[in-house]
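Just below is one structure, and these are the notes that go with it.
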Amino acid sequence: MKKIFITGGTGGVGSEVSLFLGDKYQVYSGTTNENAKIRNCKMILIDITDREKLIKTITEINPDYIIHLAALTDVNLCEEKKEQAWKINVEGTKNVTLAAERVGAKLIYASTNYVFDGEKGMYAEEDEPSPVNYYSLTKVKGEKEALNYSNSIVTRLCPFGLGAENRQTFTTRVIQELSKGGKINLFTDQFFSPIFTYNYVQVLEKLFESDFTGIINIAGSERLSRYEFVKKIADIFELDSNLLNPTKIEDLDEVAKRPRDTSLDISKAKSLFGDIFPDAESGIRQMKRIRDKDI
Ligand SMILES: NC(=O)c1ccc[n+]([C@@H]2O[C@H](COP(=O)([O-])OP(=O)(O)OC[C@H]3O[C@@H](n4cnc5c(N)ncnc54)[C@H](OP(=O)(O)O)[C@@H]3O)[C@@H](O)[C@H]2O)c1
């Protein structure tokens with residue numbers, strides 16, 4: 001059975017990636033939390049900023065694939081704690097890349113649609129990144145670190161999902177808030193093309209087998225605003241969409257700037273893997289079926 005090592009294995013995205021892959025592969029899920037548990041995964045304590053120890057750990061496991069998801073993802077915190085953000089997102093990525101190279105594992109790095117300034121939308125892989133905040137800058141630098149290794153893939157994505165027990169995601173926070181009758185402010189003028197984590201994992205499995213290296217967008221087939229996306233969640237989960245309060249990005253009063261339209265062009269991924277990229281509604285319905293254990 002192929003071995004997969006996942007960094008950030010207990011994060012919002014990583015917990016679902018670990019869960020979905022754990023049924024089919026031997027998954028080693030890297031975490032900083034010694035009490036974390038994920039079904040069918042072996043939990044491995046790691047700190048990606050400790051190069052020597054990380055390389056030793058990964059060398060002992062000798063995985064076929066490394067999925068690098070660990071990062072400091074709080075956009076405002078990255079603005080306030082730049083040194084920490086750099087250490088985890090750039091130097092940490094360098095360390096993971098060195099470890100992948102040492103064992104000859106294929107490296108898949110999770111980058112973000114936030115590498116772009118959001119002025120154009122529907123970005124292709126060839127478009128030049130132009131980060132508008134420090135988080136995004138560190139993710140761009142992380143991409144460069146990962147691409148220093150010839151057997152690496154940078155996936156640019158904007159995933160959504162339900163995380164795992166004790167791990168909230170944007171989607172679970174929305175569902176929780178609406179369930180208790182709380183109002184939510186949502187931008188009508190910030191656009192993206194979200195993909196359900198399960199569908200991201202399906203593409204990862206194709207990438208394992210393919211000889212593709214370099215940058216690839218992995219996104220849903222639909223560009224929509226944050227407001228439209230959450231309205232679909234509310235409708236499908238039978239929650240009260242009157243609680244959604246439409247706002248504009250200029251109303252945002254936060255430390256870090258946010259890009260306006262970071263939707264992604266997935267022509268390249270489609271040409272490689274076929275038309276397997278669902279629209280937001282299909283992804284949300286599938287997420288609900290999985291939550292309700294209908295499949
Ligand atoms: N969620 C999104 O909307 C989105 C969009 C685009 C791209 N991405 C990318 O996808 C990846 C996963 O995102 P996410 O939403 O799952 O983030 P998250 O929920 O914040 O999880 C981040 C993970 O990184 C781990 N981590 C942080 N510092 C570490 C360190 N020094 N050593 C080892 N592990 C460390 C954390 O470990 P613990 O759990 O043990 O604390 C956590 O599991 C990130 O690279 C992010 O940039 C996410």
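As a basis for the values below, the full set of heavy atoms in this structure was taken, side chains included, without hydrogen atoms, waters or symmetry mates. Ligands are counted one by one from 1 in listed order, and the atoms in each one are counted from 1 as well.
Counting only heavy atoms, the protein never gets under 4.0 Å from atom 36 (C) of ligand 1.
No more than 12 heavy-atom neighbours from other residues, nucleotides or ligands sit within 6.0 angstrom of NZ on Lys42.
Heavy atoms of Ile88 approach ligand 1 to within less than 4.0 angstrom. Contact annotation: Ser111 has at least one heavy atom less than 4.0 Å from an atom of ligand 1. Contact between Pro159 and ligand 1 is present, with at least one heavy atom of the residue lying under 4.0 Å from the ligand. At least one heavy atom of Tyr135 sits less than 4.0 Å from an atom of ligand 1.
The nearest non-hydrogen atom to atom 20 (O) of ligand 1, considering only Ile46, Thr73, Leu69, Thr138, comes from Thr73. Closest heavy-atom approach to atom 34 (N) of ligand 1 within the set Ala110, Ser136, Ser18, Ala70: this belongs to Ala70. Selection from Ile48, Leu72, Ile6 by nearest heavy atom to atom 32 (N) of ligand 1 gives Ile48.
Lys141 has no carboxylate O lying under 4.0 Å from a charged side-chain N of Glu145, or vice versa, which leaves the two without a salt bridge. Between Lys180 and Glu177 a salt bridge is recorded (basic side-chain N to carboxylate O distance below 4.0 Å).
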- Task: Check step by step if salt bridge (charged side-chain N to carboxylate O under 4.0 Å, His left out) holds for Asp261 and Arg223.
- Result: CA-CA 9 Å; Asp261 184 346; Arg223 168 190 178 273; 2.9 Å; yes

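At a 4.0 Å heavy-atom cut-off, ligand 1 does not touch Ala36 at all. Contacts between His68 and ligand 1, counted as non-hydrogen atom pairs separated by less than 4.0 Å, are absent for every part of the residue.
With contacts defined as side-chain heavy-atom distances shorter than 4.5 Å, the pair Glu16/Phe196 qualifies.
When hydrogens are left out, the protein atom nearest atom 6 (C) of ligand 1 is Leu157 O, 3.0 Å; that is the closest non-hydrogen contact.
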